[in-house]
Amino acid sequence: MSEARTAATEQPLILLVDDDPDILQLLSMRLNASGYRVTTASSGEEALASLDREQAAAVITDLRMEPMDGMALFAHIQQNWPNVPVIMLTAHGSIREAVEATQQGLFSFLTKPIDNRELRQVLDQALELGGLGAAPKAGWSDAIVTRSELMFKRLEQARRLARSDINVLIGGESGTGKELLAQAVHNASARAEQPFIAVNCGAIPADLLESELFGHVKGAFTGATHNRDGLFLAADGGTLFLDEIGDMPLNLQVKLLRVLQERKVRPLGSSADQPVDVRIISATHRDLEQAIAAQDFREDLYYRLNVAQLALPPLRERKEDIPLLARSFLDDIAQRTGDAVRQLSPGGQRMLLQFDWPGNIRQLRNVIEQLVALSPAPLIAESLIAEVLPEQASPALVPLKEAKRQFERDYVVRILRMTGGNITEAARLAGRNRSDFHKIMKRHELDSERFRSA
């Protein structure tokens, strides 16, 4: 940084992580002399505890550490503090691993011995681009249970979109968790301390939806005995989530478009507008472009809502999440009822993995609720799961190319899970060299670190 740092409040906090106390002391002295505020940790676990206490503006960590190495630490930081840039220190023989890490989001890596000028230059770039002021609060996406690479990418997109105030449209099949993703975007945004209000546009009768959204004044209609603020005003300063926006009647679509354009609402029966500051996140399981072609949805409203889009994958494309979700639901039920936590038999868990879940996560939760209610023993038997699961229809034929692609991805995920993310061992089991196997992983957007941390 070119300007001198004269006050502690102006100094960005840098977290140094290395299990060599001499290197920690040397780098700490260098950075302190350059005007940075420095804290140190001698292990990955100590670094995570430090970040929990106070979020650093940047992390500089050694690659080779025990028991948690720099790559594992980076994965934890990327998941919990994704706005914190990480700079990796590595020996010459470890450059390949560092290059792979930069492809996964590592800010930069430096080879030892560390050049002081280069370190300060890279660190200043990290601080300028890190966006610490926009960092989401810890736990912003905790409600989303996943180990899926597809979902990690969606969460990263969500975090980036949360930095701005643009409207977001979330697509995906029913039951995939669109409201949870909308809540995560809100949590990661500057509006996180303000209201998040969700409304299902398809669940409220059309004649009541306008009053729900925009409010009404006394006497506006029969039964309107007092003034009532609508959900737009209730969400003022925060986020309004419009679920199943594709089911909104056309006449209300016109009024919603006006609110989005003018940033004002007019309650039913009133002649006065009220200013409102609301971010809109909407969601639908419908194909809105088809609805536009059928004249069921306004094209101008579509482009107002769809400034940015997030698409949630169905559960059948993230089957590695099924055991995690099932475990989470079992724990939730036990906590709610006060009963002992039930367990799935190994065979039963395999049955859940083989099912295609047309109702997605909502259907899985429903099945787990039934199993807990019906199981006479703490271990839920395979035979009971067979009774509860609906009969699965024969899968629809897909093009051969798509079938091969899906088989290849499922195969690679299974091997990575078996080997705990060890690419060398996974490549050996697959009968491919490490380079070829890594290319296959990249083609399917799979990250070995996720399987190690899982």
Side-chain angles (χ1 to χ4, degrees), residues 12-20 23-24 27 31 38-112 114 118-119 122-123 125-127 129-132 135-136 138-142 146-149 151-157 159-160 188 416 420-424 438 441-442 445-454:
L13 177 65
I14 310 303
L15 174 58
L16 292 177
V17 191
D18 202 307
D19 54 6
D20 186 331
I23 292 179
L24 274 185
L27 289 180
L31 293 176
V38 179
T39 187
T40 62
S42 58
S43 67
E45 293 83 357
E46 189 179 329
L48 295 176
S50 176
L51 287 167
D52 275 329
R53 291 192 300 271
E54 181 179 6
Q55 183 175 317
V59 174
I60 302 173
T61 179
D62 190 28
L63 174 62
R64 299 298 183 195
M65 298 185 297
E66 294 291 343
M68 180 188 291
D69 65 10
M71 290 293 288
L73 173 61
F74 165 61
H76 281 286
I77 294 173
Q78 192 179 42
Q79 177 63 21
N80 296 291
W81 300 277
N83 271 28
V84 176
V86 177
I87 299 167
M88 194 83 72
L89 307 181
T90 141
H92 285 285
S94 305
I95 290 178
R96 178 187 52 77
E97 294 174 68
V99 170
E100 290 179 1
T102 59
Q103 296 171 348
Q104 300 165 20
L106 183 76
F107 184 81
S108 185
F109 67 91
L110 299 173
T111 56
K112 297 176 180 178
I114 306 300
E118 184 182 15
L119 173 61
V122 170
L123 185 53
Q125 291 172 353
L127 293 173
L129 299 176
L132 179 62
W140 65 278
S141 61
D142 280 358
T146 187
R147 64 166 54 136
S148 161
E149 191 63 24
M151 284 302 297
F152 283 126
K153 289 184 181 297
R154 293 299 176 272
L155 289 173
E156 173 61 17
Q157 292 170 346
R159 181 188 65 81
R160 293 182 183 279
L416 286 171
N422 186 317
I423 297 179
T424 301
H438 192 270
M441 289 173 55
K442 187 175 181 181
E445 299 182 330
L446 295 172
D447 177 5
S448 61
E449 184 59 42
R450 304 300 184 190
F451 295 89
R452 284 197 287 269
S453 60

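Shown here are the salt bridge (Lys or Arg N to Asp or Glu O under 4.0 Å) partners of Asp62, two or more places apart in sequence or in another chain: Lys112. Qualifying side-chain hydrogen bond (donor to acceptor under 3.5 Å, both in side chains) partners for Ser42, counting only residues two or more places apart in sequence or in other chains: Glu46. Taking the side-chain contact (heavy atoms from CB on, under 4.5 Å) definition, one finds that Ala72 meets it with Met68, Asp69, Glu449, sequence neighbours left out. Residues forming a salt bridge (Lys or Arg N to Asp or Glu O under 4.0 Å) with Glu66 (at least two apart in sequence, or on another chain): none. Remark: Gln157 engages Arg154, Leu310 in a side-chain contact (heavy atoms from CB on, under 4.5 Å) (not counting sequence neighbours). Scored by the side-chain hydrogen bond (donor to acceptor under 3.5 Å, both in side chains) test, Ser50 finds no partners at all (sequence neighbours excluded). In this structure Glu156 satisfies the salt bridge (Lys or Arg N to Asp or Glu O under 4.0 Å) test together with Arg159, Arg160, sequence neighbours excluded. Qualifying side-chain contact (heavy atoms from CB on, under 4.5 Å) partners for Asp52, counting only residues two or more places apart in sequence or in other chains: Trp81.
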Could you give me the CA-CA distance, side-chain angles and deciding distance for Leu51 and His76, then say whether side chain to side chain contact (heavy atoms under 4.5 Å, CB included) is met?
CA-CA 11 Å; Leu51 287 167; His76 281 286; over 6 Å; no
Evaluate the criterion side chain to side chain contact (heavy atoms under 4.5 Å, CB included) for residue pair Leu27 and Asp18; output intermediate values, then yes/no.
CA-CA 10 Å; Leu27 289 180; Asp18 202 307; 5.6 Å; no
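Leu48 contributes atom CG, which lies 6.5 Å from atom CD1 of Ile77 (distance to the nearest 0.5 angstrom). In this structure, Leu119 CG and Leu31 CG are separated by 5.5 Å, a value rounded to the nearest 0.5 Å. A distance of 11.5 Å separates OG in Ser148 from CG in Asp447, rounded to the nearest 0.5 Å. Atom CE of Met88 sits about 10.0 Å away from atom CZ of Arg64, to the nearest 0.5 Å. The distance from the CD atom of Glu149 to the CG atom of Leu416 is 10.5 Å, given to the nearest 0.5 Å.
Considering only heavy atoms from C-beta on, Leu73 stays 4.5 Å or farther from Val86 through its side chain. Residues Val84 and Leu15 form no side-chain contact, since every pair of their non-hydrogen atoms from C-beta on lies 4.5 Å or further apart.
The two residues Ala57 and Pro85 have their closest heavy-atom pair at O-CD, 3.2 Å. When all heavy atoms of Leu24 and Ala41 are compared, the pair lying nearest together is CD1-O, 3.7 Å. In terms of heavy-atom proximity, Val38 sits nearest to Thr40 at CG1-CG2, 4.3 Å. Considering every non-hydrogen atom in both Pro67 and Glu45, the closest pair reads CG-OE2, 3.3 Å.
A side-chain contact (heavy atoms from CB on, under 4.5 Å) with Leu89 is found for one member of Ile60, Val17, Leu63, Leu16 and no other, namely Ile60.
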